[in-house]
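One structure is given below, encoded as structure tokens.
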Amino acid sequence: MISQFFVLSQRGDNIVFRDYRGEVPKGSAEIFFRKVKFWKEGDEAEEAPPVFNVDGVNYIHAKVAGLMFVATTRLNVSPSLFLELLQRIARVIKDYLGVLNEDSLRKNFVLVYELLDEVIDFGYPQNTSTEVLKSYIFNEPIVVDSSRMPPLNPAAMFMQGAKRMPGTAVTKSVVANEPGGRKREEIFVDIIEKISVTFSSSGYILTSEVDGTIQMKSYLSGNPDIRLALNEDLSIGRNGGSSMYGSRSSTGGGTVILDDCNFHESVHLDTFDLDRTLTLVPPDGEFSVMNYRMTQEFKPPFRINALIEEAGQLKAEVIIKIRADFLPSVTANTITIQMPVPKYTTRVSFELEAGAVGQATDFKETNKRLEWCLNKIVGGSEHTLRAKLTFPQESHGNLTKEAGPVSMNFTIPMYNASRLQVRYLQIAKKSKTYNPYRWVRYVTQANSYVARL
Amino acid sequence: MSGHDSKYFSTTKKGEIPELKEELNSQYKDKKKDAVKKVIAAMTVGKDVSSLFTDVVNCMQTENLELKKLVYLYLINYAKSQPDLAILAVNTFVKDSQDPNPLIRALAVRTMGCIRVDKITEYLCDPLQRCLKDDDPYVRKTAAICVAKLYDINAELVEDRGFLDTLKDLISDNNPMVVANAVAALAEIQETSTRPIFEITSHTLTKLLTALNECTEWGQVFILDALSRYKAADAREAENIVERVTPRLQHANCAVVLSAVKMILQQMELITSTDVVRNLCKKMAPPLVTLLSAEPEIQYVALRNINLIVQKRPTILAHEIKVFFCKYNDPIYVKMEKLEIMIKLASDRNIDQVLLEFKEYATEVDVDFVRKAVRAIGRCAIKLERAAERCISVLLELIKIKVNYVVQEAIIVIKDIFRRYPNTYESIIATLCESLDTLDEPEAKASMIWIIGEYAERIDNADELLESFLESFPEEPAMVQLQLLTATVKLFLKKPTEGPQQMIQVVLNNATVETDNPDLRDRAYIYWRLLSTDPEAAKDVVLAEKPVIGDDSNSIESSLLDELLANIPTLSSVYHKPPEAFVSRAKSTSARPDDEEYTDAVETSYSEWPSSSVDSAAVTSTSSPVAHSVAHSVAKQPGQVAAAPTPTSPPAPVPDLLGDLIGLDNTLIPVDQPAAPSGPPLPILLPTSTGQGLQISAQLVRRDGQIFYSLLFENSSQMVLDGFMIQFNKNTLGLAAAGQLQVAPLQPGASARTLLPMVAFQNISAGPPNTLLQVAVKNNQQPVWYFNDKLSLHIFFSEDGRMERANFLETWKSLPDSNEVTKDLPGAIIHNMDATVEHLAEANVFFVAKRRNANKEILYMSAKGPRGVPLLIELTGSVGVPGLNCAVKTPSPEVAPLFFEAMDTLLK
């Protein structure tokens with residue numbers, strides 16, 4: 001089981017260190033950091049795998065919010081348990097502190113140690129539910145000023161552009177009281193989808209996938225029952241009928257078919273098969289109500305057309321065209337498009353479309369990559385970038401083989417690719433006047449969004 | 001409300017400690033609490049605040065839980081360095097363990113268990129007994145874990161007080177959290193004990209399966225992992241278990257899913273109905289794929305496990321290959337694992353899709369990934385005969401891009417493809433030759449040279465191509481040199497014209513006289529003799545048809561694979577190594593022959609030994625060392641060695657080879673005087689039948705602090721034998737003769753005994769330690785006799801190896817844990833404790849201390865090994881029962897294998 005737990009900053013500073021079993025020498029954090037920093041296999045500097053062994057000590061680590069969460073052990077343990085636990089510890093700490101970063105950890109070290117003692121005993125994970133932990137934790141969090149912090153968590157992306165969202169909510173501690181004294185009754189339900197699409201050189205979709213999660217964060221007092229209704233025609237299991245929940249007859253084009261899904265332990269599925277509703281008593285803190293995966297075809301939000309061709313001697317031209325295939329009422333933001341160009345490229349000159357606003361281009365000399373950033377793209381619009389490449393020598397091969405693929409990063413609030421919907425969110429009423437704030441939000445992000453040349 | 005915690009880190013100029021001391025003794029609670037926080041802050045940044053021990057402990061008696069927790073945190077940290085002061089806290093602990101507040105009761109037991117001080121431990125028992133039966137589940141679950149803590153400190157105490165039984169009772173507790181912790185504690189205790197403590201009966205099985213549905217995700221993992229040790233009685237029970245476990249596949253926690261998968265895979269072995277198995281495979285696929293949507297760290301762990309699962313049950317994910325396609329933003333460690341699995345899932349049905357992906361990866365930026373992708377294409381070609389041609393055309397396309405490392409990698413895999421499909425794709429050689437001058441990596445060069453040599457007759461300018469490599473022969477790495485040697489010989493045999501003839505002379509000269517590499521030299525000598533004796537035979541050997549290589553993508557051999565699958569989802573299944581290979585104190589489950597490296601090394605050292613000097617009879621036999629090592633490397637490295645020994649007699653004269661080829665300067669020692677020491681019978685190393693009437697028995701012995709080789713010669717031949725000489729080959733401990741072998745001329749029917757003084761560390765062999773001692777003996781009448789003896793480390797144990805108890809403990813502590821090596825000695829036995837101790841003392845293994853633990857005797861002993869290296873020994877076992885566990889801690893853990901062998905001999 002876990003011998004030591006520690007959190008290191010990116011520079012390798014020890015922010016939190018707890019030894020549970022005294023089996024591993026004290027210098028382990030130092031050994032770990034050196035190993036990770038100078039991880040090399042072959043001549044390329046590589047990223048260390050999350051699990052490795054040095055001198056009989058196993059180091060298991062996960063990167064969360066720019067920090068390294070590490071556990072050590074001498075025994076033949078289950079590394080997935082460790083990794084899940086590390087993520088969960090990060091989440092609990094974030095629930096308590098509101099923000100998870102070096103500063104907040106340092107300011108709240110006593111509270112963090114108190115949490116760690118309840119979460120792990122003698123190396124065995126005990127409880128990681130923010131809700132349950134509340135009865136055993138006595139230190140109060142010191143909330144750090146979150147307005148100066150860069151957004152770190154998926155929920156933070158709602159703050160961009162959408163002024164409807166209460167900006168402070170997502171970085172609010174679950175336990176700390178509001179300055180005003182009483183807490184605001186509210187609940188957030190976020191449907192976050194990460195989509196991966198690979199387009200072939202001729203524009204066909206080779207693979208497409210949605211990794212979705214329904215994230216909930218409840219600030220409701222008294223933990224009332226909640227009912228969450230999803231699409232009625234939702235079906236699970238691609239082969240229809242083989243699903244563990246049985247599947248409903250698909251009614252043509254509109255059906256959402258998930259490949260697989262799983263649920264938080266607080267979720268009751270009694271009525272799920274019947275009417276696709278989930279009932280639960282949400283524990284305090286942030287948690288995933290449901291994770292799902294879909295490979296059913298969906299309409300990709302962006303079409304990418306890219307080409308590279310010779311343009312005279314020692315020159316080539318790149319044209320990248322992006323078309324937003326969604327409604328004009330929706331706006332994607334923080335879009336980055338990247339494309340590696342032949343390694344021998346020495347110079348690049350860009351040409352943006354006439355009247356382009358909020359766009360920037362760059363040629364990353366070190367890794368020979370074009371970068372095109374757009375602040376936002378409105379649904380239905382189309383944007384084009386032209387770039388001229390200069391080579392010092394005759395290109396000797398096939399240009400398309402030495403350049404590309406084009407990859408794209410974006411966030412689209414109030415859009416979801418899978419069409420999975422929360423039809424309604426019902427909170428059991430405590431009194432007639434009880435009417436807490438309910439926020440149901442959708443967002444789609446690019447995971448691996450790639451077009452080949 | 002507490003203020004800003006970080007202010008506790010700020011220091012004042014004058015005397016921080018006295019100031020804190022004053023604040024700790026303040027009568028104001030808030031000030032006290034702030035002071036303790038400051039102390040903890042100082043502690044966490046590594047400052048020594050142990051001098052405040054009494055003052056902090058004084059704050060312990062408080063109703064304020066926040067303050068109490070802080071004091072406890074401090075206590076855990078410093079109790080070990082201040083055991084006498086820690087006693088002061090005992091009373092409060094005991095009192096707290098009876099507090100009306102369950103949180104305080106639990107806190108007291110939890111903290112006491114963390115303080116590893118003997119004096120405290122004694123006082124822990126009573127509170128623990130009470131808390132195990134507490135009304136509050138929070139207290140009980142804390143107490144359950146505390147039993148494991150106590151067992152780690154003092155196992156005897158736990159058994160004596162009957163805590164194990166109480167713990168077992170907790171399995172039936174009505175609170176699932178308590179059940180889960182009891183299971184975790186029992187599983188850990190079982191891990192360190194050899195006696196059955198935690199046995200899962202069908203009764204406990206039912207209880208645990210029920211608890212499974214209600215406990216936390218972590219508890220589910222404990223229970224699933226504990227249950228995976230349960231062997232179902234029949235297919236029906238297995239099906240029942242699987243049915244109860246299957247819903248866990250739907251859990252959001254990946255650890256739960258993987259533990260459930262393991263459990264199902266295990267029970268599936270028993271299930272006979274193919275329908276059920278097929279259905280289970282179908283159910284497992286989506287959750288396994290879903291693991292790949294988790295954080296990249298978890299994906300990595302999942303992929304390593306999936307790699308094993310698809311080797312055993314390829315059908316589970318046969319249709320899911322697309323999910324293993326690499327995403328451009330996957331970390332490199334995830335991409336590499338996905339590639340492996342793609343190769344394993346590649347089939348005639350999906351190969352086009354897969355090749356398209358590989359081709360794409362081969363033009364990416366990351367060099368290692370690109371290399372692996374190119375290699376993957378080759379592996380698919382070898383695996384799927386019908387797709388081979390398509391794979392090759394992709395490789396050729398890639399070669400045309402002329403990216404240096406892509407070309408080199410492609411050539412390496414094409415060499416393997418040639419070996420898989422001989423005489424099929426040689427038309428592409430011309431294309432390969434175009435890239436000749438860009439090759440700069442040894443493996444690529446060696447592969448290209450092999451191709452040229454192998455197909456010399458089809459390449460018009462093969463001699464020119466090879467010649468261009470020859471110029472740099474002396475500077476090339478061994479791998480390239482070996483290939484150049486073989487390729488030149490092939491060229492010469494295929495085209496025995498003037499050019500190749502000159503080349504071969506240059507190469508043989510370079511590879512025999514001008515090299516220090518024994519492999520190269522040996523191979524060159526064999527070729528040389530072959531060519532000079534019988535070129536036709538050389539042709540038969542060198543140009544013989546080579547066995548076709550197979551697909552190695554399912555690379556883990558099946559017994560290891562089964563062991564690894566049984567270890568899902570642990571580190572073992574992620575590293576793809578059995579637990580003994582990396583867990584320092586794991587109970588080694590089976591006596592596997594040490595790791596492969598070890599056996600490899602022994603083989604290599606064989607080939608360094610007599611090589612061509614062995615008489616002709618030995619060369620012909622396939623089991624001779626040379627033939628063996630050649631065959632071995634043929635199997636391992638396709639295309640590297642093309643020669644096999646043939647029945648030709650070596651042209652070189654015999655007499656001087658012994659001294660010559662063993663490579664030692666000291667000449668043979670003539671025999672002078674008879675000596676007749678007596679002693680117990682010696683093992684026969686050279687039987688009469690082999691020795692043409694001469695029988696030699698010998699053994700290494702230690703007498704009066706000196707090492708001797710005790711020898712007995714018996715002459716049953718018809719002639720007088722005289723002029724005995726002896727020589728030892730290089731060996732791990734560098735043993736060599738220190739004087740002359742003194743044996744009088746031996747009449748027919750006579751025998752002679754002698755003691756040959758030995759010295760150590762004279763001619764040490766390289767490589768990992770092994771026990772082989774190779775001896776050569778000659779006389780004036782007979783050929784040279786070779787025989788093997790065994791080195792035993794115990795003859796090195798010196799008489800001054802006794803250690804005082806305190807010294808032993810100190811030395812033990814001063815050595816890092818990594819210096820400890822453990823091994824089971826299944827054949828060893830202690831019949832009688834006193835007799836064994838006495839017997840070991842005669843062998844200079846000295847008794848230090850003894851204790852009993854769980855019916856086992858634990859003996860601590862010391863010895864002093866070669867070069868005065870101390871060996872601290874722990875022997876665990878029961879009197880009269882065969883099988884001992886032996887642990888040794890020493891500054892030179894590399895001697896451990898030899899040591900274990902010595903102990904095994906001593907304790908037989």
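Naming: A, B, ... by sequence-line order, numbering from 1 per chain.
A heavy-atom distance below 4.5 Å is not found between the side chains of B/Tyr328 and A/Pro405. Taking the side chain as every heavy atom from C-beta outward, B/Leu73 and A/Asp117 approach each other to under 4.5 Å. Inter-residue side-chain proximity for A/Lys63 and B/Glu297 is flagged as met; some heavy-atom pair is nearer than 4.5 Å. A/Asn58 places a side-chain heavy atom less than 4.5 Å from the side chain of B/Phe582. At a threshold of 4.5 Å between non-hydrogen side-chain atoms, the residues A/Val110 and B/Glu66 do not count as touching. Taking 4.5 Å as the limit, some side-chain heavy atom of B/Arg110 sits within range of a side-chain heavy atom of A/Asp121. Taking the side chain as every heavy atom from C-beta outward, B/Lys322 and A/Glu209 never approach each other to under 4.5 Å. Considering only heavy atoms from C-beta on, A/Leu83 stays 4.5 Å or farther from B/Tyr300 through its side chain.
Within the 4.5 angstrom heavy-atom criterion, no atom of B/Ala302 approaches chain A. Proximity to chain A is absent for every atom of B/Tyr72, based on heavy atoms less than 4.5 angstrom apart. When heavy atoms are compared at a cutoff of 4.5 Å, B/Leu291 does not approach chain A at all. The contact between B/Ile40 and chain A is made by backbone and side chain atoms together, counting heavy-atom distances below 4.5 Å. No part of B/Asn64 comes within reach of chain A, as not one of its non-hydrogen atoms sits under 4.5 angstrom from that chain. Both the backbone and the side chain of B/Glu217 come within contact range of chain A, each with at least one heavy atom under 4.5 Å from a heavy atom of that chain. Proximity to chain A is limited to the side chain of B/Tyr405, based on heavy atoms less than 4.5 angstrom apart. Within the 4.5 angstrom heavy-atom criterion, no atom of B/Asn77 approaches chain A. At a 4.5 Å heavy-atom cutoff, the contact between B/Leu103 and chain A is made by side-chain atoms alone. The contact between B/Val289 and chain A is made by backbone and side chain atoms together, counting heavy-atom distances below 4.5 Å. Heavy atoms closer than 4.5 Å to chain A are found in the side chain of B/Lys69, but not in its backbone. Proximity to chain A is limited to the side chain of B/Leu70, based on heavy atoms less than 4.5 angstrom apart. For A/Ile60, the part sitting under 4.5 Å from any heavy atom of chain B is the side chain, from C-beta outward, and nothing else. Residue A/Thr73 touches chain B through its side chain alone, counting heavy-atom pairs closer than 4.5 Å. Only the side chain of B/Asp152 comes within less than 4.5 Å of a heavy atom in chain A; its backbone stays farther off.
Of the residues A/Gln87, A/His264, A/Glu265, A/Arg88, the one that meets the side-chain contact (heavy atoms from CB on, under 4.5 Å) test with B/Asn253 is A/Arg88.
The candidate with the highest count of non-hydrogen atom pairs below 4.5 Å against chain B, out of A/Val450, A/Val51, A/Asn291, is A/Val51. Most heavy-atom pairs under 4.5 Å with chain B: of the set A/Gly123, A/Ser129, A/Ser288, A/Ala48, this distinction falls to A/Ala48. For the set A/Phe17, A/Phe82, A/Tyr136, the entry with the most heavy-atom pairs within less than 4.5 Å of chain B is A/Tyr136. When A/Arg21, A/Glu114, A/Glu118 are compared by the number of non-hydrogen pairs under 4.5 Å with chain B, A/Glu118 comes out ahead.
Taking the ring centroids of A/Phe52 and B/Tyr575, they lie at or beyond the 6.0 Å cut-off.
No donor-acceptor distance shorter than 3.5 angstrom exists from the side chain of B/Gln250 to the backbone of A/Phe263, with no hydrogens or angles considered. At least one donor-acceptor pair closer than 3.5 Å links the side chain of A/Arg293 to the backbone N or O of B/Pro286.
Taken from CG in A/Asn447 to CG in B/Asp330, the straight-line distance is 7.5 Å, to the nearest 0.5 Å. Atoms CG and OG, on A/Asp260 and B/Ser293 in that order, are 8.5 Å from each other to the nearest 0.5 Å. Atom CG of A/Leu86 sits about 10.5 Å away from atom CD of B/Glu295, to the nearest 0.5 Å.
Across all non-hydrogen atoms, the minimal contact from A/Ser196 to B/Lys327 is OG-CE, 3.0 Å. Summarising the geometry of A/Ser80 relative to B/Pro569, their closest heavy-atom pair is OG-CB, 4.3 Å, with the distance given to 0.1 Å. Summarising the geometry of A/Asn262 relative to B/His251, their closest heavy-atom pair is ND2-O, 3.6 Å, with the distance given to 0.1 Å. Minimum heavy-atom separation, B/Glu188 to A/Phe122: OE2-CE2, 3.5 Å. The shortest non-hydrogen separation linking B/Trp218 to A/Thr128 is NE1-OG1, 2.9 Å.
Side-chain contact annotation: B/Thr570 with A/Asn76, donor-acceptor N/O pair under 3.5 Å present.
Salt-bridge annotation for A/Glu402 and B/Lys402: absent, with no side-chain N of the basic residue lying under 4.0 Å from a carboxylate O of the acidic one. By the 4.0 Å N-to-carboxylate-O rule, A/Lys401 lies close enough to B/Glu397 to be salt-bridged with it. Salt-bridge annotation for A/Glu47 and B/Lys335: absent, with no side-chain N of the basic residue lying under 4.0 Å from a carboxylate O of the acidic one.
No more than 12 heavy-atom neighbours from other residues, nucleotides or ligands sit within 6.0 angstrom of NZ on B/Lys577.
Relative ring orientation between B/Phe222 and A/Tyr124 is described as perpendicular, the plane-to-plane angle rising above 60° on a 0-90° scale split at 30° and 60°.
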